[in-house]
Amino acid sequence: MAGIKVYNTMTQQKEKFVPLRPGQVRVYVCGVTPYSSAHLGHARPNVIWDVIIKFLHSRGYQTLYVQNFTDVDDQIIERARDEGVEALEFSNRFIREYLEDMDALGVKRADVYPKVSDHIPEIIDLIRVLIEKGHAYSAQGDVFFHVNSFPGYGKLSKQKREELLAGTRFEVDPAKRDAADFALWKKAKEGEPAWDSPWGPGRPGWHIECSAMSYKYLGETFDFHGGGSDLIFPHHENEIAQSEAATGSPLARYWVHNGMINFKAEKMSKSIGNVISIGELVQRYPAELIRFYLLSTHYRSNLEYYQGKLEEMSRGWTRLVDTVKKLKDNLDQAPGQSSAGNGDKKILEKIEGMQQEIEEALADDFNTAMAIGVLFELVREINAYQHHGGKDPLVLKHAWELFKLYGIDILGIVNLADSQKTGLVGPLMELLLELREELRKEKNFPLADKIRERLGDLGVFVEDTPQGPRWKV
RNA sequence: GGCGGUAUAGCCAAGUGGUAAGGCAGAGCUCUGCAAAAGCUCCAUCCCCAGUUCGAAUCUGGGUGCCGCCUCCA
């Protein structure tokens, strides 16, 4: 089986993946600051890591997956105050919604979702260590990380320290020794949530929570650190500085960053306001279609979204899903005995080859786009086989197993359930189609066509196949 | 201005130095009572210039365009 290779932002190349502990993979992915509804841009890393985790499981790895919530933050405090509610109550609402959105997308939950508000002591401990080691200093109730004390600063984003200072466009806090120094602890302001600390009441700065929480749950060094490419600087750079200055060990072995989703050639972003919420999306489209869209492009590339994009995607996606559904039906009805003719052997070999291609694609920096491409080759192959009358259960079963493993279990882009066929609808449709079949036998085509047409008006598509009529909503 | 990434058919998109996966759209055909579905066939020499090489979309150098980061951001 193909070994796994991963593109590492740190080294800017694909590397062979070797976990720190044999058979076990530890993953930290930066989550969100919960002050508004999750949007499509947030869905991307979640779906990608969902696939990576499931793929690792299929390869026999155990995983420990942590994703944080930064629930102590300026925006949260501000908006909660506008609404007149407690900051934590405010953020908890969006955390719940976030988790529900990810559930709706078929994302398996992480093992731990640590929140900043639950880890203040750990954060304080870490800051204390950094001060003791001379990497941080307190100044009138604030604590800053001293960037010049950490020689590796800039190694992830490939920035030079001097140039970072030159590019500063914001007002520099006069309490800082250097403009590039960043806050580990912020002195409390009037009316803001605050915790006691050795430096007085206050709250953590933005980056320190990830260092403290990843250390707590995953240890000094773990395997994957993920997140959007917009986090490379300053967030991940600062995490590295804090963690590595404190422990002396590398923070993560592989840095994995996903590309942005653009709306009209511009990054989808809460601050720009051009977002499309996940809640809205899952109302309108099947989760599997959304995942299909997200996974059709390699995770490191940028991805476009625009009105009608999902409709466009759905045409190809429907062909995939319909093929799998029909295949499954035919397999369930197929005779138990395999005839194993010569033609059947040939296609079995082809299917075998496709499985290898998919494995290689996923192992090669999680190339889901290529894996989907191969799945479409299988679609064509198995449709052609059945088109020409092939029905060897061995062949059907093999094809089905690939669709099941990759299409359903790992990528999550295929759904078999017809939610709208539940209740009375199913039996009623069966009755109607049975009667229509009798009309067709009697060559009463005008009436049969009328039924099909009227059902079409209702959004029910009927097609006549050699195996009898099929319908879908 | 600095740093990173990217540039492949009408659109989306993969691509490991050896002569361009896949999807959508389009054209023709087969099957079908019709329709649909499905199948078959057709549809690109890879931004520009120079170089390395027997051979480059793939490597090197130089351009140009686009995106991201440098301020909160998945």
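Convention: sequence-line order gives letters A, B, ...; per-chain numbering from 1.
- Ring centroid separation for the pair A:Tyr35 and A:Phe94 does not come in under the 6.0 Å cut-off.
- Residue A:His39 is in base contact, counting any heavy-atom pair closer than 4.0 Å across all strands shown.
- Across all strands shown, A:Asn46 has no heavy atoms under 4.0 Å from either base or sugar-phosphate atoms.
- Between A:Arg26 and A:Asp111 there is no salt bridge, since no side-chain N of the basic residue sits under 4.0 Å from a carboxylate O of the acidic one.
- The CG-P distance, from A:Leu303 to B:C12, rounds to 11 Å in whole Å.
- A:Tyr65 does not carry A:Lys108 over the face of its six-membered ring by the limits of under 6.0 Å from the centre and within 45° of the normal.
- At the heavy-atom level, A:Asn302 lies under 4.0 Å from the strands shown only through sugar-phosphate atoms.
- By the stacking rule of 5.5 Å between ring centres and under 30° between planes, A:Phe376 does not stack on the base of B:G23.
- Residue contacts shown for A:Ile261 include a base, since a base heavy atom lies under 4.0 Å away.
- Checking B:C31 for Watson-Crick or G-U wobble geometry (two distances, each under 3.5 Å) identifies no partner in any strand.
- Using Watson-Crick or G-U wobble geometry with both donor-acceptor distances under 3.5 Å, B:A25 finds no partner in any strand shown.
- When both pairing distances are held under 3.5 Å, B:U60 makes a Watson-Crick or G-U pair with B:A50.
- Stacking of A:Arg79 on the aromatic ring of A:Phe90 is not recorded, the 6.0 Å distance cut-off and the 45° axial limit not both being met.
- Among B:G5, B:A74, B:G39, the nucleotide with an atom closest to any side-chain atom of A:Tyr7 is B:G5.
- Note on A:Thr465: every side-chain N or O is 4.0 Å or more away from OP1 and OP2 of B:U32.
- The partner of B:U71, taking Watson-Crick or G-U wobble pairs whose two distances both stay under 3.5 Å, does not exist in any strand shown.
- Of the listed nucleotides (B:G68, B:G4, B:G22), B:G4 has the atom at the smallest distance from the side chain of A:Gln12.
- Residue A:Leu231 is in sugar-phosphate contact alone, with no base atom involved, counting any heavy-atom pair closer than 4.0 Å across all strands shown.
- A:Lys270 has a side-chain polar atom (N or O) that falls below the 4.0 Å cut-off from OP1 or OP2 of B:A74.
- Spacing between B:C3 and B:G62 at atom P, rounded to whole Å, works out to 12 Å.
- A:Gly226 comes within 4.0 angstrom of nothing in the nucleic acid, heavy atoms only.
- The nearest heavy atom of RNA chain B to A:Gly316 and to A:Tyr306 marks one nucleotide each, and the one closer to the 5' end goes with A:Tyr306.
- Taking atom C1' in both B:G28 and B:U16, the straight-line distance is 36 Å, to the nearest Å.
- Here B:G1 presents its C1' atom at 21 Å from NZ of A:Lys158, a figure rounded to the nearest Å.
- Along RNA chain B, the nucleotide nearest to A:Phe445 and the one nearest to A:Phe292 differ in position, and the one closer to the 5' end is contacted by A:Phe292.
- A distance below 6.0 Å separates the ring centres of A:His119 and A:Tyr217.
- Nucleic acid contact class of A:Gly373 (heavy atoms, under 4.0 Å, all strands): base.
- Using a 4.0 Å heavy-atom cutoff across all strands shown, A:Ser301 reaches sugar-phosphate atoms only and no base atom.
- Judged by distance alone, the side chains of A:Glu359 and A:Tyr406 do bring a donor and an acceptor atom under 3.5 Å apart.
- The side chain of A:Phe233 has B:C69 as its nearest neighbour among B:A14, B:C69, B:A74.
- Taking side-chain N and O atoms only, A:Arg319 has a distance below 4.0 Å to OP1 or OP2 of B:G39.
- The listed nucleotides are B:C67, B:A35, B:G33; the one nearest the side chain of A:Glu463 is B:A35.
- Rounded to whole Å, the separation between the P atoms of B:A7 and B:C47 comes to 8 Å.
- Picking from B:A37, B:C72, B:A21 the nucleotide with the shortest atom distance to the side chain of A:Lys326 gives B:A37.
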- Task: Evaluate side-chain contact (heavy atoms from CB on, under 4.5 Å) for A:Ile208 paired with A:Trp185, printing each intermediate quantity in order.
- Result: CA-CA 8 Å; A:Ile208 191 68; A:Trp185 188 261; over 6 Å; no

- I would like to know whether A:Tyr28 and A:Asn68 meet side-chain hydrogen bond (donor to acceptor under 3.5 Å, both in side chains); could you show each step before the answer? CA-CA 8 Å; A:Tyr28 188 92; A:Asn68 68 288; 3.3 Å; yes

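- Candidate nucleotides B:C34, B:A13, B:C72 were compared by shortest atom distance to the side chain of A:Ser271, and B:C72 ranks first.
- Between the C1' atoms of B:G18 and B:U53, the separation comes to 11 Å (whole Å).
- In this structure, A:Lys443 reaches neither bases nor backbone, as no heavy-atom distance under 4.0 Å exists between it and the strands shown.
- Using a 4.0 Å heavy-atom cutoff across all strands shown, A:Gly41 reaches at least one base atom of the nucleic acid.
- Considering only the side chain of A:Arg380, B:C40 comes nearest among B:C69, B:C40, B:A13.
- In this entry B:U6 has B:G65 as its Watson-Crick or G-U wobble partner, both defining distances falling under 3.5 Å.
- Listed nucleotides: B:A38, B:G33, B:G2. Nearest to the side chain of A:His387: B:A38.
- Residue A:Met313 is out of contact with every strand shown, counting any heavy-atom pair closer than 4.0 Å.
- Distances shown here put every side-chain N or O of A:Asn258 at or beyond 4.0 Å from the OP1 or OP2 atom of B:A74.
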